[in-house]
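Got a structure for you, questions after.
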2 protein chains.
Amino acid sequence: MEQVKAGSKKEQTRERILRAAARAIRKYGYEGVGVADVMKDAGLTHGGFYAHFDSRDALLAAAAEKAGLESAESLSRALAKATPGDELMAIVDMYLADSHVTAAEQGLGCAIAAAGTEVPRQCPEVRRAVSRRIKELIGLIEQQLPEWGKSAAHEKAMSVVATLIGALLLARAVDDPQLSKGIRKSARELVRGAAG
Amino acid sequence: MEQVKAGSKKEQTRERILRAAARAIRKYGYEGVGVADVMKDAGLTHGGFYAHFDSRDALLAAAAEKAGLESAESLSRALAKATPGDELMAIVDMYLADSHVTAAEQGLGCAIAAAGTEVPRQCPEVRRAVSRRIKELIGLIEQQLPEWGKSAAHEKAMSVVATLIGALLLARAVDDPQLSKGIRKSARELVRGAAG
DNA sequence: TGCTCCATATGACGAGTATCATATTTTCTC
DNA sequence: GAGAAAATATGATACTCGTCATATGGAGCA
C-alpha cells in the first residue's frame, strides 16, 4: 500500500472507513464485517475499497488497532474524571455499567468483550494488534494498584482484566437481565476485594 | 419437525450431525458453522440436512445445548476424580490448563470461551440454551463453596465463572505464550484468594 | 422375490461475498 | 477556465452460503 499524505482527502476517507469498521467489529464481530457494508456506512460504494486497503484482513487489523485506541481514550477520560484514590473502582463501574452491556448494539464499547472469542481465528496482524491492546489495558489497571509492588500489581491487574471481560461477556450473553446485573455486581465485589 | 423414534437410524444420524455442529461451534464460532461442512463432517451430504433440522438456527440452538451438556459432563468427571476438599481448585486448574487453551482448535473445551461473544447476536433459542448452561455452570461452582452461606456462595460463584471465562478468552486471544500463561496463573490466584 | 416407505443424495436457485478492471467524477494546478 | 491527476463509482467475476424439490437407495414386510 502506497504512502498517504497526512490530512489529505484520501487519508480522511480512510479514517472514515476505519471508524465504520471498528463500529462493525463491535456490532457484528470480525466475521460479520463485510466490505460492502462498511463502505456504505462510511458513505461510499464498495468498489473503491481497495484504493484504501490491500484486503479485508488488512482492514480488520487496522480496525482492531483503532478500536483499541478508542477504548483506551475512553478509559483515560473516565480516569481523569474519577475522584483521586478511587480510580480503579471508577473504571470498574464504568466497564460494568448497564450502558456498556448494550453499547455493542450501537457499535460502542470494549471490542474484546464484543468479539474477543473470534480473535484466535483471525490473521496474525489482528492478533498482534489485539495482544498489544490487552497489554495496554493490563498496564492501565496496574497503574491503579499502587499499594502493591510492581510485580504484584501486574499479577493482580491481569486477573482483574480477565474478570471484567468475562463478566461483560456473560452479562451480554444471558437473556435474563437480573442475572446480567448479578454477574456484574459480583465481579465488582471480587475486584474490590482483591484490590482493596 | 416430526417426532423421531429413540434409537432409530434417523435419531443416530441426527446425533452425529449435532456432535459435528458442537465441534464446529468451538472451532469456528457460531457464524463459522456451515450446513454443508457440518454434514460432511458427519459423513453425509448437504442436501439431507433439512430432514433433520428446520433451519440452520435450529441446528445452532440444539448444538449449543449439546455443547453445554458435554462440558458439564467433562466437569463432573473432573469433580469425581478430585481429592475431597479441593474440588474447586481441581476445576480451576483443569479449566486454565494449557490443553484447554489449544482445545478449541480440535473442537473441544468450553464453548462459551470459544464463541461467547457471538451469543448476543444469535437467535433467542441459542441465547436461551446458553443462558441455561451458564446458570448450570454457576450452580456447579457454587456447590464447591460450602464454607460460605448459600447466598454468598452464589455471589462468589458468578464472579469465579466470569474470571475463568475471561482468563481463557484472553489466554487464547494473545499471541504471546508467556502472557497467556501469566493471565491464567493470576486468575487462578484470584479465585484461590476469593474462595480460600 | 417384489412392493412400500423411510433415509439420504443429487442438483439447482437466489442471495451475498471478496476482489478487481474500468469508467466517471472530483480536485488541484497552471 | 482547461487539462492533469487523484479519488470514487460502476459493473462484472468467481465463489460460498442456506434452502429446497426431486431422485436414488436400501431396509423391512408380504
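The chains referred to below are lettered A, B, ... by the order of the sequence lines, with proteins before strands, and numbering in each begins at 1. Just so it is clear, the structure is predicted and the values come from calculations on it, not from any experiment.
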Base versus backbone protein contacts along nucleotides 11-22 of chain D [heavy-atom cut-off under 4.0 Å; B, S, -]: BB-----SBB--
Indicate yes or no: does A:Arg14 engage A:Glu11 in a salt bridge with an N to O separation below 4.0 Å.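 Salt bridge between A:Arg14 and A:Glu11, a charged N being under 4.0 Å from a carboxylate O: no.
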Whole-Å distance separating the CD atom of B:Gln12 from the P atom of D:dG26: 18 Å
Of the non-hydrogen atoms in A:Lys135 and B:Asp176, which two are nearest, and what is the gap between them?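 For A:Lys135 versus B:Asp176, the nearest heavy atoms are NZ-OD2, 3.5 Å.
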In the single-linkage hydrophobic clustering (I, L, V, M, F, W, Y; side-chain heavy atoms under 4.5 Å), do A:Val92 and A:Val101 co-cluster?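 Cluster IDs for A:Val92 and A:Val101 match.
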Could you tell me whether the side chain of B:Arg127 and the main chain of A:Val174 form a donor-acceptor pair under 3.5 Å? yes
Among residues two or more places apart or on two chains, list those pairs meeting ring pair (Phe, Tyr, Trp, His ring centres under 6.0 Å) that have a residue in residues 124-179 of chain A. none
Within residues 120-129 of chain A, find the residues that approach DNA chain D with a heavy atom at under 4.0 Å, and present them sorted by residue number.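 By residue number: none to list.
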So does B:Gly109 get a backbone contact from the side chain of B:Arg26, meaning a donor-acceptor N/O pair under 3.5 Å? yes
Using a 4.5 Å cut-off on heavy atoms from C-beta on, say whether the side chain of B:Arg172 contacts that of B:His100. yes
Of A:Arg23, A:Lys27, A:Arg16, the residue whose pairing with A:Asp41 passes side chain to side chain donor-acceptor pair (under 3.5 Å): A:Arg23
Atom pairs under 3.5 Å: protein N/O with N/O of nucleotides 24-26 of chain C:
none

Closer than 4.0 angstrom, basic N to acidic O: yes or no for A:Glu15 and A:Lys66? yes
Between NE2 of A:His52 and P of C:dT19 the distance, given in whole Å, is 15 Å
Output the residues of residues 59-67 of chain B in contact with DNA chain C, where contact means a heavy atom of the residue under 4.0 Å from an atom of the strand; sort by number or write none.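 None - not one residue of the stretch has a heavy atom sitting under 4.0 Å from the strand.
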Could you tell me the separation between the CZ atom of A:Arg16 and the C1' atom of D:dA7, rounded to a whole number of Å? 11 Å
Could you state the CZ-P distance from A:Arg14 to D:dA6, rounded to the nearest angstrom?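 Answer to the nearest Å: 18 Å.
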Do the charged groups of B:Arg19 and B:Glu70 touch, with an N to O distance under 4.0 Å? no
Atom-pair distance (CG on B:Leu44; P on C:dC6), nearest Å: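 Distance check: B:Leu44 CG to C:dC6 P gives 19 Å.
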Supply the members, apart from B:Leu190, of the Ile/Leu/Val/Met/Phe/Trp/Tyr cluster built from side-chain contacts under 4.5 Å; use none for a lone residue.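 Direct or chained contacts put B:Leu190 with A:Leu190.
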Looking at A:Thr13, I'd like to know whether one of its side-chain N or O atoms comes within less than 4.0 Å of OP1 or OP2 on D:dA7. no
Kindly determine whether A:Ile134 and A:Leu137 satisfy side chain to side chain contact (heavy atoms under 4.5 Å, CB included), including the steps that lead there. CA-CA 5 Å; A:Ile134 290 171; A:Leu137 195 52; 5.5 Å; no
Whether the side chain of B:Thr163 engages the backbone of A:Thr163 through a donor-acceptor N/O pair (distance < 3.5 Å, no angle test) should be reported. no
